Amino acid sequence: MTRSRIAWQDLLFGLFLVAVAAAALIATRHLVVGNAADMGPGYMPRVVSFGLLGFGLFFCARGARRAGPAIVPVQIRPLLAVLGAVGVFALTAERLGLAIASVVTVILAGFATREGRLRETVPFALLLSCAAAILFIKVLALPVPLWPR
Amino acid sequence: MELFDNLLMGLQTALELNNLGLCLIGVVIGTAIGVLPGIGPIPTIALLLPFTFGLTPAGSMIMLAGIFYGAQYGGSTTAILVNVPGETSSVVTCIDGHEMAKQGKAGTALAIAAIASFFAGTVATVIIAVLSVPLSVLALKFTAVEYFSLLVLGLIAAVVLAHGSVAKSLAMVLLGLLLGLIGIDVSSGAARMTFGVAELSDGIDFVPVAMGLFGLGEIIANLERPAERRVVSQSIRDLIPSRADLRAAFPAMVRGTLLGSVLGVLPGGGAALPPFSSYALEKKLAKDPSRFGKGAIEGVAGPEAANNAGAQTSFIPLLTLGIPANALMALMIGALMMQGIQPGPQIMTEQPKLVWGVIASMWVGNLMLLVINLPLIGLWVSMLKIPYRLLFPAIVLFCCIGTYGIANSLFNVWLMLACAGIGYFFIKVGVEPAPLLLGLVLGPQLEENFRRAMLLSEGDFSVFLSRPISAVLLTVVAVLLLALLSPTILRTRKEALAE
């Protein structure tokens, strides 16, 4: 594994924590804090957020000051295909029905790898869609439409 | 003999026809996911939670538990035949198990793995039964103060004993706690961190979080590595090990079982730590340590026994005190909560049928596993031929439908999408997501008990130290944290986990 001059893993994780803590502190700024004997709704969020902020700053400082393993480069293809498939499912499941949404989701997810062949993925997607329809709608009686309304 | 009566009652529950069927389904699914690398028990159990709605609490726990220990059996098959751990806990089995397979002794290795697992499972079931009674008596003395300290101990210990950097894991626990606070505050009715989103007012569902972090995030990362699976191609015969093999393996099995049982009870251990420790122990005890790595049978028997024993005894804190030892047990707690059972120290006295039914079903399930593993090994091997490029789109689809199905909410699907992205980020920056899930599930209970304890003591923090049980629990926390600062212990921990 190659090393880089800055520990990017620590630094990025630290920044992430700082961002989350900041968002939580802003979101809960109007809540009553109260005191230990009579805690308001803001007490615990405040305590936890400051803890997170502390950890975040610690990792940022540590990451910037020492060397660390380099981050393995991000590959766009699997990331986009898998996240995209989930997004497409969320957009289509209720509008187009489970049958169509399933086929689209599986085909799109299949693009995540170069090994995928449409000639193989499409029949497989149809098969899975049938299986999902039988399992979730017939057996488990999930109240989701099977076809477009 | 209270123990006997309890076990008998448990057996009655476990042997009901429904529960037998659910146990079988659980262990079969468990074996399947154990065999298939790339899907773990955590997303599988998250995926199956919606299916458990219609079941009895005992039935759903029996099935989910079966998946967990079933996966330990299945994982060894892939480790031995393909040199890829089907489960994290079977990483060590790869070393000598695969070597044995290359020497033409795949059948022996598989048989020893299954026998060791069964032996360990049987002993662990008895240990659980014996330990449960005194623990539940102790648990009855618990008030909010003790329970808060116990939750803190559970969280800290899980972090200390798990993989990865302790500081990062602690940060992840806090992150989980913060996520657990999202929603309407029960005592004041104020909306906390809901950002005006109506779906968030009931709090974050842990199922989409678990599926996104552990299932989808993992899939994306897996796809970046070129997959290569080479099944040792030989007909698997000689499934009955020779007397000499058994004699060599038996002491290792016993040691592995004991080691695994102890480590399994500790929070955070679960099934990951025991096999490593057992392998190290066997190597140390062996007359000729150089045989290890070249197909030593003890290197298969010990770790396999240890991981199965550990998987089972990690149920002890859950079944007796209501606290999860690892992320998987956190999901189990979630399953109980969805059934309307509030996990806590009273669980054993309030739900004896459930607890003893699950304990008894473990032994029944182990027996089933022995039967479905040895004669049906060919079937499992053929499952290995399913290519990952077909497997993962199916998992993605079932994750989507599963999360959606839990509350019929598309919001959960979007939440899972976000968690998948975050889970991928966590993998990239090298943090373990398990502590986050623990924090998320335990967060609400932690806050509730903290508030109640503070209300009772009128804001006096010393109450946690003036009550003896709580003081002991917190002392253990302090010792654990101090131990981490000592360099020798840090080094040993690193070695034990990184073997």
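Proteins get letters first, then strands, A, B, ... in listed order; numbering begins at 1 in each. Keep in mind the model is a prediction, meaning the values are calculated, not measured.
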Are [X] and [Y] side-chain neighbours, meaning at least one heavy-atom pair lies under 4.5 Å?
{"X": "B:I401", "Y": "A:S102", "result": "yes"}
{"X": "A:L91", "Y": "B:W414", "result": "yes"}
{"X": "B:V396", "Y": "A:V86", "result": "yes"}
{"X": "A:L83", "Y": "B:I220", "result": "yes"}
{"X": "B:L417", "Y": "A:F89", "result": "no"}
{"X": "A:F16", "Y": "B:I422", "result": "yes"}
{"X": "B:P393", "Y": "A:T121", "result": "no"}
{"X": "A:T113", "Y": "B:F392", "result": "yes"}

message: For A:V20, run the side chain to side chain contact (heavy atoms under 4.5 Å, CB included) check against B:L179, B:L174, B:L178 and tell me which one passes.
response: B:L178
Closest non-hydrogen atom pair, [X] against [Y]:
{"X": "B:L223", "Y": "A:Q75", "result": "O-OE1, 4.5 Å"}
{"X": "A:P45", "Y": "B:M193", "result": "CB-CE, 4.2 Å"}
{"X": "A:Q9", "Y": "B:K428", "result": "NE2-O, 2.9 Å"}
{"X": "A:F59", "Y": "B:A167", "result": "CZ-C, 3.6 Å"}
{"X": "B:A190", "Y": "A:L31", "result": "CB-CD2, 3.8 Å"}

task: Under 4.5 Å, counting heavy-atom pairs only, tell me which of A:A24, A:A85, A:A23 racks up the most with chain B.
output: A:A24
field: Residue, of A:A109, A:A27, A:P41, that accumulates the most heavy atom pairs under 4.5 Å with chain B
entry: A:P41
message: Ring-plane angle category for A:Y43 and B:F450, please: parallel below 30°, perpendicular beyond 60°, tilted otherwise.
response: tilted
message: Could you check whether B:E224 pairs with A:R77 (Lys NZ or Arg NE/NH1/NH2 to Asp/Glu carboxylate O, under 4.0 Å)?
response: no
query: Picking from B:Y404, B:F461, B:F398, which has the most non-hydrogen pairs under 4.5 angstrom with chain A?
result: B:Y404
statement: Most heavy-atom pairs under 4.5 Å with chain A, out of B:V413, B:N408, B:L390, belong to B:L390
query: So which part of B:A453 gets closer than 4.5 Å to some heavy atom of chain A, the side chain, the backbone, both or neither?
result: neither
- prompt: Do A:F13 and B:F425 have ring centres separated by under 6.0 Å?
  reply: no
